[in-house]
Amino acid sequence: MHCVCVVGTLLLMLIPYVVSQASSGLRSRRSASNSRMMNCTFYPLPEQGLEKIHEAATGNVTFNCTCSAAAISAGKVILLQITPEKPDIVDVVEGDQTEVDCGSEGAVSGRVVVLAKFLGRDSLFITATDRSASSQDKENKEMIVSYPVSVMRLPTSLDTAFIVIIAILVGINTINMGCHLDLAVVKENLQKPCAIGIGFTSQYIFMPLIAYGVALALLPDATLQLGLFTMGCSPGGGASNFWTLLLEGDAHLSITMTFLSTALALAMMPFWLFTLGGTLFGNMEIRIPFTRILGSLISLIAPLAIGCLIRHYRPTWAAFSRRLIRPFTLLMMLFIFTFGIYTNLFMFYVMTWRTMLAGLIVPWCGYVFGATLAVISKRGKEQVIAIAVETGVQNTGIAIVLLRLSLPQPDADLASVVPVCGSIMLFIPLFLWYCGLVVRNRLVGKSGAESVSTTEDGSLDKFGEEAGLKDDEEGTPHPYLVHGHAHNGEGTMFNGLGGKQFSVPSSQQELLKGAA
């Protein structure tokens, strides 16, 4: 009872303070309204703004302004000015200044023509300045309104050409991967799912959490945060299969993980986006691109199936196709980093050090975490490479489609900058790693060639004949004779001199066995 009395007394003491604050606020609003030099109306309304103007196009804003009673009685001359906050996004090409003599006119109407220059959001600052003789010593300037303007990027034929060409290149190379694929090895990976479980943990537990943390720490805008988090929730990308093969990892495990992670994305992406992601986008309506995810599954399965059929019915074609994987992958990457960058050059103008750093941290942490977890669980070197690459290389295309379905323009394009940064940054360590492998292999190959050139008794060919590994009648090299070395089909390769031997990755063993 005493507590109730004390609380009631405090509330009664607060009532006069609340009333005084409210009345002072009303008085200040009235005085501000009375002190305004001009009262203006705009069309479109400032709440709506000038929305979705395409680059290089113009938009019109009409206004109707009347002088206040005080300005009319004082005979003030008022200069109405419209200036953009960010001149690199929009520019006022007509109606940027209008002068009105309140003593004789009292009102003015006009039109402002705005030129859209670049993708983004901007504001037009509309101000009124007292230019009358009585205020020359100290000009009076007031802000009438901050008028929002948004600029959209107009899609070009280059965008369509890039998408079509890259789809064809990826499809052809996925067929090449199918020629390399051994379904028996895929079945073995499914029967022993430890490596797949590690990949799932890295892909769908660690990556969303690290993306969420980095988004909150580095990115100030909610749309950018959503872009990074969406990328972190995306499944593994098809590029991981090609990079795993280039880096001498387990390509069969990589393909299996890509398929399973894409299928699981139908459940895992909604789970993360509607739970943890809800703290980022609030009341924003998020639309999961289920059609795009299913399309990714089909675009992965169909070319792989064609490659498997070629491997089964046309082994010689499959052997030739397998030899094209590495050069074709490098050609595809070169195309992406030349024509692709040129087509999406606008992205680099809106990138900041924060978006670049965020796009770097997330995939690189994925590589480290995936590799560390695989090493702790005592996976082989090939599987460590496959898990690390599969974790860090994500399907940024799905993330971009989700953002474009969920966000209005130009916010969708601006948010897509973060996945694009990630797709650029994730290739840097992989490319450096591949260059190191090429240099190492060339040095090893050069030393091996010098050793062979010192012998003149034909011991290399003799070793191959003794092992029963001869070229066929048409002159096609035996599949276990690779680069001047003999392979015993059991994971060991001999240099033909009887002394040196080294192991062959199991995925490469399957490649050799498949060629047989």
Side-chain angles (χ1 to χ4, degrees), residues 49 51-55 57 89 116 118-122 148-167 170 208 211-212 215 219 221-239 262 265-266 268-270 272-274 277-278 280-299 336 340-352 355 358-359 362 394-424 426:
E51 289 286 328
K52 300 180 180 180
I53 312 175
H54 285 110
E55 290 178 337
I89 295 179
F118 191 72
L119 171 75
R121 289 190 176 274
D122 198 0
V149 181
S150 64
V151 179
M152 293 174 53
R153 178 174 173 268
L154 185 65
T156 64
S157 56
L158 285 178
D159 297 327
T160 305
F162 174 73
I163 293 173
V164 171
I165 294 173
I166 200 65
V170 171
Y212 181 82
L219 302 177
D221 189 75
T223 57
L224 296 178
Q225 293 173 354
L226 180 62
L228 184 65
F229 184 66
T230 303
M231 185 185 78
C233 298
S234 299
T262 305
L266 295 169
M268 297 306 299
M269 288 191 73
W272 282 113
L273 288 170
F274 291 124
L280 296 178
F281 55 81
N283 296 326
M284 192 183 303
E285 182 182 356
I286 296 298
R287 299 170 60 187
I288 306 298
F290 293 106
T291 304
R292 175 58 187 260
I293 296 173
L294 291 173
S296 297
L297 281 173
I298 295 172
S299 65
I336 292 174
I341 289 179
Y342 176 76
T343 304
N344 298 280
L345 198 59
F346 74 97
M347 289 283 187
F348 292 89
Y349 291 102
V350 295
M351 288 180 183
T352 64
T355 56
V362 172
Q394 294 178 294
N395 194 332
T396 55
I398 290 178
I400 292 173
V401 170
L402 184 146
L403 293 171
R404 290 184 176 176
L405 289 175
S406 304
L407 299 176
Q409 291 291 0
D411 296 329
D413 281 341
L414 294 174
S416 300
V417 171
V418 183
V420 170
C421 286
S423 64
I424 294 173
L426 64 85

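Just so it is clear, the values below take in all heavy atoms, side chains as well, and ignore hydrogens, waters and symmetry mates.
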Novice: Using modelled atom types only, decide if a donor and an acceptor are shared between the side chain of S150 and the backbone of K52 within a distance under 3.5 Å.
Specialist: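 Flag set: sc S150 to bb K52 pair under 3.5 Å.
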Novice: Within the structure provided, determine whether V420 and I400 are in side-chain contact (heavy-atom separation under 4.5 Å).
Specialist: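 With C-beta onward as the side chain, the pair touches.
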Novice: Looking at side-chain heavy atoms only, is the closest gap between M351 and I424 below 4.5 Å?
Specialist: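 When only atoms from C-beta onward are counted, I424 and M351 do touch, with a gap below 4.5 Å.
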Novice: Could you go through the side chain to side chain contact (heavy atoms under 4.5 Å, CB included) check for S416 and M347 one step at a time?
Specialist: CA-CA 9 Å; S416 300; M347 289 283 187; 4.1 Å; yes
Novice: Would you indicate whether the side-chain heavy atoms of D411 and R121 approach each other to under 4.5 Å?
Specialist: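 A side-chain contact exists here, since the closest heavy-atom pair is under 4.5 Å.
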Novice: Measuring from C421:SG to F348:CZ, what's the distance to the nearest 0.5 Å?
Specialist: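 Those atoms lie 8.0 Å apart.
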Novice: Sorted by first residue and then second, give each salt bridge (Lys or Arg N to Asp or Glu O under 4.0 Å) pair with at least one member in residues 224-235; sequence neighbours left out.
Specialist: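 Matches after skipping sequence neighbours: none remain.
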Novice: Checking D413 against V350 for the side chain to side chain contact (heavy atoms under 4.5 Å, CB included) test, could you report, in this order, the C-alpha distance in whole Å, the side-chain angles of both residues, the deciding distance, and whether it holds?
Specialist: CA-CA 10 Å; D413 281 341; V350 295; over 6 Å; no
Novice: Considering all heavy atoms of both residues, which atom of M231 and which atom of G422 are nearest to each other, and what is their separation?
Specialist: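 Between these two residues, the closest heavy atoms are SD-CA, 4.0 Å.
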Novice: To the closest 0.5 Å, what do you measure between CD1 (I398) and CG (L403)?
Specialist: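 Taking CD1 in I398 and CG in L403, the distance rounds to 12.0 Å.
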Novice: Give the minimum heavy-atom separation between I53 and A116, together with the two atoms involved.
Specialist: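 Between these two residues, the closest heavy atoms are CG2-CB, 3.7 Å.
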Novice: Show, in sequence, the C-alpha distance, side-chain angles and deciding distance for L228 and L224, and conclude whether the side chain to side chain contact (heavy atoms under 4.5 Å, CB included) test is met.
Specialist: CA-CA 6 Å; L228 184 65; L224 296 178; over 6 Å; no
Novice: What is the minimum heavy-atom distance between T396 and S423, and which atoms define it?
Specialist: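 Smallest heavy-atom distance, with atoms named: OG1-CB, 3.9 Å.
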Novice: Quick check: closest heavy atoms across G120 and P410, and the distance to 0.1 Å?
Specialist: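 Closest approach of G120 to P410, heavy atoms only: O-CG, 3.7 Å.
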Novice: Taking the side chain as everything from C-beta on, heavy atoms only, tell me whether D221 gets closer than 4.5 Å to L414.
Specialist: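 They are not in side-chain contact.
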Novice: Does the side chain of P419 reach to within under 4.5 Å of the side chain of T230, using non-hydrogen atoms?
Specialist: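 Side chain of P419 against side chain of T230, heavy atoms only: no contact under 4.5 Å found.
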Novice: Please examine the side chains of V151 and D122, heavy atoms only from C-beta on, and report whether any two atoms are closer than 4.5 Å.
Specialist: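 In short, these two side chains do not touch, never coming nearer than 4.5 Å.
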Novice: Work out which heavy atom in T262 is nearest to a heavy atom in G236; give both atom names and the distance.
Specialist: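 Minimum heavy-atom contact is OG1-O, 4.1 Å.
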Novice: Any chance you could measure L402, atom CG, to L226, atom CG, to the nearest 0.5 Å?
Specialist: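 Atom-to-atom, L402:CG and L226:CG are 7.0 Å apart.
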Novice: Would you give the length of the straight line joining atom CZ of R404 to atom CD of Q409, rounded to the nearest 0.5 angstrom?
Specialist: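 Reported to 0.5 Å precision, the distance equals 7.0 Å.
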Novice: Any side-chain heavy atom of Y349 sitting closer than 4.5 Å to one from L119?
Specialist: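 No; the side chains remain at least 4.5 Å from each other.
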Novice: As an exercise, state the distance from CE of M152 to NE2 of H54, rounded to the nearest 0.5 Å.
Specialist: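 That separation rounds to 4.0 Å.
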Novice: Minimum heavy-atom separation for P208 to W272, with atom names?
Specialist: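 Looking at all heavy atoms of both residues, the shortest contact is CG-NE1, 3.6 Å.
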Novice: Are side-chain heavy atoms of Q394 and C233 found at a separation under 4.5 Å?
Specialist: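 In short, these two side chains do not touch, never coming nearer than 4.5 Å.
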